[in-house]
Amino acid sequence: MYIIGNGFDLYHGAKSKYRHFCSWLNLNDHEDFVDNMEWFFQRLNYQQCSLWSNFENVLRAYDSQELYHQLRHKTEDVWNDNALEVSVEELNNVINNIRPLMKEWASHINIQRISPKLELHKDSCFLTFNYTKVLENVYKIPENQICHIHGSVDDKEVLTGHDTTLSPYNVYADTDAEERPRRKIVEIMNKLDKNIERNIKETPFFDSLQDISNVIIVGHSMPIIDIKYFYAVRAKIRPNAN
C-alpha cells in the first residue's frame with residue numbers, strides 16, 4: 001500500500017503548492033478572494049505558505065473573537081453594524097468558494113508532460129490525498145486500486161479545511177451585539193470541517209486493507225490534521241506490517 005501526499009506531485013514537477021493556487025487565482029480574476037483570505041486570516045501569506053498543512057492549520061486555529069475584531073476593523077467605522085453584516089457576508093462568500101475554486105484550479109494543473117520517475121508496485125493499493133490524477137494518467141494505475149480520500153478533479157467537490165467543529169451556542173460574549181456575529185462566524189467556519197471520522201467510516205477502502213503487509217508513504221508531511229487517517233490505516237492492516 002502507498003500513501004501519497006502533495007510531495008509526490010511536486011517531485012514530478014506539478015505546480016501544486018498553495019502559492020501556485022493563489023497565483024492561479026490572481027491570474028484568473030480572483031484577486032479579491034486572495035485579498036479577503038489574507039485579511040480574514042492574517043497569519044496566512046501565500047508567499048510563505050509552502051505546505052497545504054500550513055493553510056489548513058491557519059483555518060483550524062481561527063478564533064471567533066479575533067475574527068470578529070478583524071471583521072469589525074474591515075470598515076473605517078468599527079461600530080457600524082450594517083458594515084459588520086457586510087463583512088460577515090464577505091467571510092461567508094470566501095468560505096463558500098474555497099472548495100469550488102480549489103477544484104477548478106486543480107483541474108488546470110498541467111500533468112500532461114509528466115513522466116514516471118518512481119518504480120511503483122502496480123499491484124498495490126493507493127491512498128492519495130491529491131486531487132490530480134497522476135497515478136491514473138502517468139503511472140496507469142487502475143482506478144479501482146486508488147482512493148482519493150479528499151476527492152479528485154473528477155468529483156463534484158474536493159475536500160479541504162480543518163478538523164474542528166465548534167458549537168455556536170458555546171460562544172459567549174459580554175454583549176448580544178458581539179455574541180450574535182461571533183456565533184455566525186462559528187457557523188460559517190464549520191462549513192470547512194473535513195469531518196474526517198465520518199469520511200473514514202463512509203470510505204470502503206479502509207475495510208479492504210486486512211492483507212496489507214507493507215505501507216510506503218511518499219511525499220506526505222503527516223500533519224496532525226490528517227493523523228486520524230494514519231490511525232485508521234494502522235488499525236486495519238496486518239499487526240506486523242512494515
Ignoring hydrogens and geometry, is there a side-chain-to-backbone donor-acceptor pair from [X] to [Y] under 3.5 Å?
X    : Y    : value
N97  : F33  : no
S87  : A83  : yes
H30  : N26  : no
D63  : E66  : yes
D155 : E157 : no
N199 : N195 : no
R60  : I225 : no

Would you give the length of the straight line joining atom [atom1] of [X] to atom [atom2] of [Y], rounded to the nearest 0.5 angstrom?
X    : Y    : atom1 : atom2 : result
D211 : R238 : CG    : CZ    : 5.5 Å
I141 : I146 : CD1   : CD1   : 6.0 Å
I200 : K236 : CD1   : NZ    : 10.0 Å
C125 : L209 : SG    : CG    : 5.5 Å
R183 : D176 : CZ    : CG    : 8.5 Å
E90  : N93  : CD    : CG    : 7.5 Å

### Full working for side chain to side chain contact (heavy atoms under 4.5 Å, CB included) between L91 and Q70
CA-CA 10 Å; L91 173 66; Q70 284 294 119; over 6 Å; no
Verify the cluster assignment for [X] and [Y]: are they in a single hydrophobic cluster under the rule of side-chain heavy atoms below 4.5 Å apart?
X    : Y    : value
I149 : F55  : no
I4   : M222 : no
L59  : V34  : yes
I237 : Y2   : no
L192 : W105 : yes

Kindly indicate whether the side chain of [X], heavy atoms from C-beta on, has any atom under 4.5 Å from the side chain of [Y].
X    : Y    : answer
T175 : E179 : no
N242 : S213 : no
E31  : L25  : no

### Query
Can N96 and K191 be counted as having a side-chain donor-acceptor contact under 3.5 angstrom?
yes
### Query
Will you find, in the side chains of S64 and R182, an N or O donor that is under 3.5 Å from an N or O acceptor?
yes
### Task
Using a strict 4.0 Å threshold on nitrogen-to-oxygen distance, state whether E197 and K201 make a salt bridge.
no
### Query
Can you check side chain to side chain contact (heavy atoms under 4.5 Å, CB included) on I109 and W24, steps first, answer last?
CA-CA 10 Å; I109 296 175; W24 179 86; over 6 Å; no
Check [X] against [Y] and note the closest heavy-atom contact, atom names and distance.
X    : Y    : result
N6   : S16  : OD1-OG, 2.7 Å
Y68  : A177 : OH-O, 4.2 Å
T203 : C147 : CG2-SG, 3.7 Å
V138 : I111 : CG2-O, 4.1 Å

### Task
State yes or no: are the ring centers of F8 and H220 separated by less than 6.0 Å?
no
### Query
If you draw a 6.0 Å radius around NZ in K156, do more than 12 non-hydrogen atoms from other residues or ligands fall strictly inside?
no
### Task
For E104 and L101, run side chain to side chain contact (heavy atoms under 4.5 Å, CB included): C-alpha distance rounded to whole Å, both residues' side-chain angles, the deciding distance at 0.1 Å, then the answer.
CA-CA 5 Å; E104 185 181 353; L101 285 173; 4.0 Å; yes
### Task
Indicate the ring-plane relationship of H162 and Y62, choosing parallel, tilted or perpendicular according to the 30° and 60° boundaries.
tilted
### Query
Out of N214, I216, V233, which one pairs with M1 under the side-chain contact (heavy atoms from CB on, under 4.5 Å) rule?
V233
### Residue pairs fulfilling side chain to side chain donor-acceptor pair (under 3.5 Å) with at least one residue in residues 129-153, sequence neighbours excluded
D9-N130, D9-T132, H12-Y139, K133-E143, K133-D154, E136-H148, H150-Y229
### Message
Working note: E56 + K194, criterion salt bridge (charged side-chain N to carboxylate O under 4.0 Å, His left out); need CA distance, chi angles, decisive distance, verdict.
### Response
CA-CA 10 Å; E56 292 188 323; K194 287 162 54 168; 3.2 Å; yes
#### Entry: Verdict with supporting geometry, F126 and I3, side chain to side chain contact (heavy atoms under 4.5 Å, CB included)
CA-CA 6 Å; F126 296 79; I3 300 178; over 6 Å; no
